K.L.:
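Got a structure for you, questions after.
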Amino acid sequence: MTAQAPDTTALDDAPVLVHVTRGGFVESAHRATLVATDPGGGTPLRHGRVGDPVLPRSSLKPIQALAMVRHGLDLPPHLLALVCSSHSAEQVHREGAAEILATVGLDLSALRNTPALPLGELEHARWLAGGRGPEPVAQDCSGKHAGMLATCRVNDWPTETYLDPEHPLQQAIRTTTDEVVGEVTHTTVDGCGAPLFAVPLRGLAASFGRLAAAEPTTDEGRVADAMRTAPHMVGGTDRDVTQFMQAVPGLIAKDGAESVYAAGLADGRGVAVKVADGAPFSRARRGLLAHALLTLGVDTPGLRDLADQPVLGHGRPVGAVEVLDLRTP
């Protein structure tokens, strides 16, 4: 029996949107799907098959956090921002995860996310120098998992099995994802062990726009304001997701593995990007988000700094990460 070939149409058909040049030579080309949405349902920017599903990876965390808030999670802004995070495992992040758990009488031993080394380069080196190996608290998703466990305690749901797709918590997250982002067409497992849902890229962009524009008193507004209040908790030192929110007033943004990025503006517009090659910490992903915002008329010095990505040769600029014209034909 012949196995059915996977459907790679959306990735194969994605247009080339980024060139990496060195000394006038195009060294690399990146295919990507990109969409910007407006509150009226329009798509002022649209490249590739934006209605097709993608795995949003950690870009889905603000939506997962929204589901937790809807089910009773009540944390101060800096800790709610950590629930939305893929943090660098700086001390403030690790202590924050422990603080979330302590609010419901748990400690770090309750975490069931994948043990890992810190994501932040400096913290990674310090961790190894201290003789420590992979631990759940050092993994970039430990804030989200702490929030999941706290939500379980608030609702008297089992904590040992909180990663099971049939667990009430994960069912609640799926319901919220279906409602806020769009129909879930596939379920798998994320790198941290939590269920992961495939959703339309266009729906991901629109959901971030709605979150960013929500009234502060709503559950959506609480999540968005937490991210804006404590952008360092969402990423960390030298992380571009933190820098984007610091550079653009009112912006919320969340990076995801395999070169996914999503952002929302306070006026209700949203942006979502998926780079086909999935390169980790992709320069293409960062450049596309920055240039999409610039193309939408958002313009701040910090955003222009993020858009400017030189390619170095012997320590000096000899090329650039060049995003092609994103204006929809």
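Worth saying up front: this structure is predicted, and the values here are computed from it rather than measured.
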K.L.:
Do side-chain atoms of Asn113 reach the backbone of Pro136 as a donor and acceptor pair under 3.5 angstrom?
P.N.:
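Checked: pair present.
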
K.L.:
Is there a path of hydrophobic side-chain contacts, each under 4.5 Å between heavy atoms of I, L, V, M, F, W or Y residues, that connects Leu324 with Val35?
P.N.:
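Different hydrophobic clusters.
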
K.L.:
Check Leu211 against Pro62 and note the closest heavy-atom contact, atom names and distance.
P.N.:
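Closest heavy-atom pair between Leu211 and Pro62: CD1-CB, 4.0 Å.
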
K.L.:
Do Met148 and Leu106 sit in the same hydrophobic cluster, where Ile, Leu, Val, Met, Phe, Trp and Tyr count as joined when their side-chain heavy atoms come under 4.5 Å apart?
P.N.:
yes

K.L.:
Any chance you could measure His124, atom NE2, to Arg126, atom CZ, to the nearest 0.5 Å?
P.N.:
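Here the rounded value is 13.5 Å.
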
K.L.:
Just grab all the ring pair (Phe, Tyr, Trp, His ring centres under 6.0 Å) pairs involving residues 243-262, residues at least two apart or on different chains.
P.N.:
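Of all non-adjacent pairs touching residues 243-262, those that pass ring pair (Phe, Tyr, Trp, His ring centres under 6.0 Å) are Phe244-Tyr261.
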
K.L.:
Would you say the side chain of His93 lies within less than 4.5 Å of the side chain of Ser142, judging by non-hydrogen atoms?
P.N.:
no

K.L.:
Say whether, by atom type as modelled, one donor and one acceptor occur between the side chain of Thr300 and the main chain of Val248 under 3.5 angstrom.
P.N.:
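Not confirmed, Thr300 side chain does not pair with Val248 backbone.
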
K.L.:
Testing the basics here: between Met245 and Leu251, what is the closest heavy-atom pair and its distance to 0.1 Å?
P.N.:
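Shortest heavy-atom separation between Met245 and Leu251 comes out as CG-O, 3.5 Å.
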
K.L.:
Quick check: does any side chain N or O of His71 sit under 3.5 Å from a backbone N or O of Ala67, one acting as donor and the other as acceptor?
P.N.:
yes

K.L.:
Taking all atoms of both residues into account, what is the closest heavy-atom pair of Ala226 and Ala81, and its distance?
P.N.:
O-CB, 3.4 Å

K.L.:
Going by heavy atoms in the side chains, are Gln64 and Val83 under 4.5 Å from each other?
P.N.:
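No; the side chains remain at least 4.5 Å from each other.
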
K.L.:
Could you measure the distance from the OG atom of Ser88 to the CG atom of Leu122? Nearest 0.5 Å is fine.
P.N.:
10.0 Å

K.L.:
Ignoring hydrogens and geometry beyond distance, is a side-chain donor-acceptor pair present between Ser86 and Lys254 at under 3.5 Å?
P.N.:
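There is such a pair (donor and acceptor under 3.5 Å, judged by atom type) between the side chains of Ser86 and Lys254.
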
K.L.:
Would the distance check show the side chain of Trp127 and the main-chain N or O of Gly133 forming a donor-acceptor pair, the cut-off being under 3.5 Å?
P.N.:
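Side chain of Trp127 to backbone of Gly133, a donor-acceptor pair under 3.5 Å: yes, one is there.
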
K.L.:
Sub-3.5 Å donor-acceptor pair from the side chain of Asp240 to the main-chain atoms of Gln243, do we have one?
P.N.:
no

K.L.:
What's the verdict on salt bridge (charged side-chain N to carboxylate O under 4.0 Å, His left out) for Arg304 and Asp299, showing C-alpha distance, side-chain angles and the deciding distance?
P.N.:
CA-CA 7 Å; Arg304 290 205 166 270; Asp299 194 353; 2.9 Å; yes

K.L.:
Just by distance, with hydrogens left out, do Arg269 and Thr37 show a side-chain donor and acceptor under 3.5 Å apart?
P.N.:
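No pair is found: no donor N or O on one side chain lies under 3.5 Å from an acceptor on the other.
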
K.L.:
If we ignore hydrogens and angles and just use 3.5 Å, is the side chain of Asn155 paired with the main-chain N or O of Trp157 as donor and acceptor?
P.N.:
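Here the side-chain-to-backbone pair does not exist.
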
K.L.:
Find the distance between OG1 (Thr159) and CG (Leu169) and round it off to the nearest 0.5 Å.
P.N.:
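Going from OG1 on Thr159 over to CG on Leu169, the span is 11.0 Å.
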
K.L.:
With rounding to the nearest 0.5 angstrom, report the CG to CG distance, Leu80 to Leu73.
P.N.:
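With rounding to 0.5 Å, CG (Leu80) is 6.5 Å from CG (Leu73).
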
K.L.:
Please answer whether the main-chain N or O of Ala320 pairs with a side-chain N or O of Arg22 as donor and acceptor at a distance below 3.5 Å.
P.N.:
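Not confirmed, Arg22 side chain does not pair with Ala320 backbone.
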
K.L.:
Counting only N and O atoms by type, is there a donor-acceptor contact under 3.5 Å from the side chain of Tyr162 to the main-chain atoms of Arg112?
P.N.:
yes

K.L.:
Can you tell if the side chain of Leu82 reaches within under 4.5 Å of the side chain of Ile100, non-hydrogen atoms only?
P.N.:
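Contact flag for Leu82/Ile100 side chains = yes.
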
K.L.:
How close do Ala116 and Ala138 get, heavy atom to heavy atom, and via which atoms?
P.N.:
O-CB, 3.4 Å

K.L.:
Side chains of residues 181-205: which donor-acceptor partners sit under 3.5 Å, not counting sequence neighbours?
P.N.:
from: Thr187; atom 1: OG1; to: Arg174; atom 2: NH1; distance (Å): 3.1
from: Asp190; atom 1: OD1; to: Arg57; atom 2: NE; distance (Å): 2.7
from: Asp190; atom 1: OD1; to: Arg57; atom 2: NH2; distance (Å): 3.2

K.L.:
What's the separation between atom OG1 in Thr237 and atom CD in Glu121, rounded to the nearest 0.5 Å?
P.N.:
12.0 Å

K.L.:
Evaluate the side chain to side chain contact (heavy atoms under 4.5 Å, CB included) criterion for residues Val234 and His87: first the C-alpha distance (whole Å), next the side-chain angles of each, then the deciding distance (0.1 Å), finally the verdict.
P.N.:
CA-CA 6 Å; Val234 179; His87 61 73; over 6 Å; no

K.L.:
Pairing donors with acceptors under 3.5 angstrom, does anything connect the side chains of Asp12 and Thr8?
P.N.:
yes

K.L.:
To check you understand the geometry: which heavy-atom pair defines the closest contact between Leu119 and Arg239, and what is its length?
P.N.:
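That closest heavy-atom pairing would be CD2-NH1, 3.6 Å.
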
K.L.:
Applying salt bridge (charged side-chain N to carboxylate O under 4.0 Å, His left out), run through Glu179 and Arg70 and close with a yes or a no.
P.N.:
CA-CA 13 Å; Glu179 175 196 333; Arg70 286 181 170 183; 3.0 Å; yes

K.L.:
Applying side chain to side chain contact (heavy atoms under 4.5 Å, CB included) to Arg285 and Asp255, what does each step give before you reach the verdict?
P.N.:
CA-CA 9 Å; Arg285 178 185 71 174; Asp255 49 351; 3.7 Å; yes

K.L.:
With sequence neighbours left out, write down each residue that passes salt bridge (Lys or Arg N to Asp or Glu O under 4.0 Å) with Arg222, or none if nothing qualifies.
P.N.:
Asp74

K.L.:
Any side-chain heavy atom of Leu293 within less than 4.5 Å of one from Val271?
P.N.:
yes

K.L.:
Under 3.5 Å, side chain of Gln171 to main-chain N/O of Pro165, donor-acceptor pair present?
P.N.:
yes

K.L.:
Donor-acceptor pair, distance only, cut-off 3.5 Å: does the side chain of Thr176 make one with the backbone of Ile173?
P.N.:
no

K.L.:
For a side chain to side chain contact (heavy atoms under 4.5 Å, CB included) check, start with the C-alpha distance between Thr33 and His47, then their side-chain angles and the critical distance, and finish with the verdict.
P.N.:
CA-CA 5 Å; Thr33 307; His47 297 276; over 6 Å; no

K.L.:
Any heavy-atom pair between the side chains of His232 and Glu90 that's under 4.5 Å?
P.N.:
yes

K.L.:
Can you give me the closest heavy-atom contact between Ala146 and Leu111, atom names plus distance?
P.N.:
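Looking at all heavy atoms of both residues, the shortest contact is N-CD2, 3.8 Å.
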
K.L.:
Transitively linked via ILVMFWY side-chain contacts under 4.5 Å: Leu288 with Leu296?
P.N.:
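Looking at the clustering, Leu296 is in the same group as Leu288.
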
K.L.:
Verify the distance criterion only: is there a donor paired with an acceptor across the side chains of Ser259 and His30 at less than 3.5 Å?
P.N.:
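Result is no, nothing qualifies.
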
K.L.:
So how far is it from Arg283 CZ to Glu322 CD, rounded to the nearest 0.5 Å?
P.N.:
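Going from the CZ atom of Arg283 to the CD atom of Glu322 covers 11.5 Å.
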
K.L.:
Going by heavy atoms in the side chains, are Leu55 and Glu258 under 4.5 Å from each other?
P.N.:
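Side chain of Leu55 against side chain of Glu258, heavy atoms only: no contact under 4.5 Å found.
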
K.L.:
Linking I/L/V/M/F/W/Y whenever their side-chain heavy atoms sit closer than 4.5 Å, directly or via other members, would Val26 and Val275 fall into one cluster?
P.N.:
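No; Val275 is not reachable from Val26 via cluster members.
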
K.L.:
For Gln246 and Thr242, run side chain to side chain contact (heavy atoms under 4.5 Å, CB included): C-alpha distance rounded to whole Å, both residues' side-chain angles, the deciding distance at 0.1 Å, then the answer.
P.N.:
CA-CA 6 Å; Gln246 292 170 334; Thr242 295; 3.6 Å; yes

K.L.:
Would you indicate whether the side-chain heavy atoms of His167 and Pro158 approach each other to under 4.5 Å?
P.N.:
yes

K.L.:
Applying the salt bridge (charged side-chain N to carboxylate O under 4.0 Å, His left out) criterion to Arg94, which one of Glu135, Glu99, Glu123 satisfies it?
P.N.:
Glu123

K.L.:
Does Leu149 reach the side chain of Val104, with side-chain heavy atoms less than 4.5 Å apart?
P.N.:
no

K.L.:
Leu11 and Val273: same hydrophobic cluster, using ILVMFWY side-chain contacts below 4.5 Å?
P.N.:
no

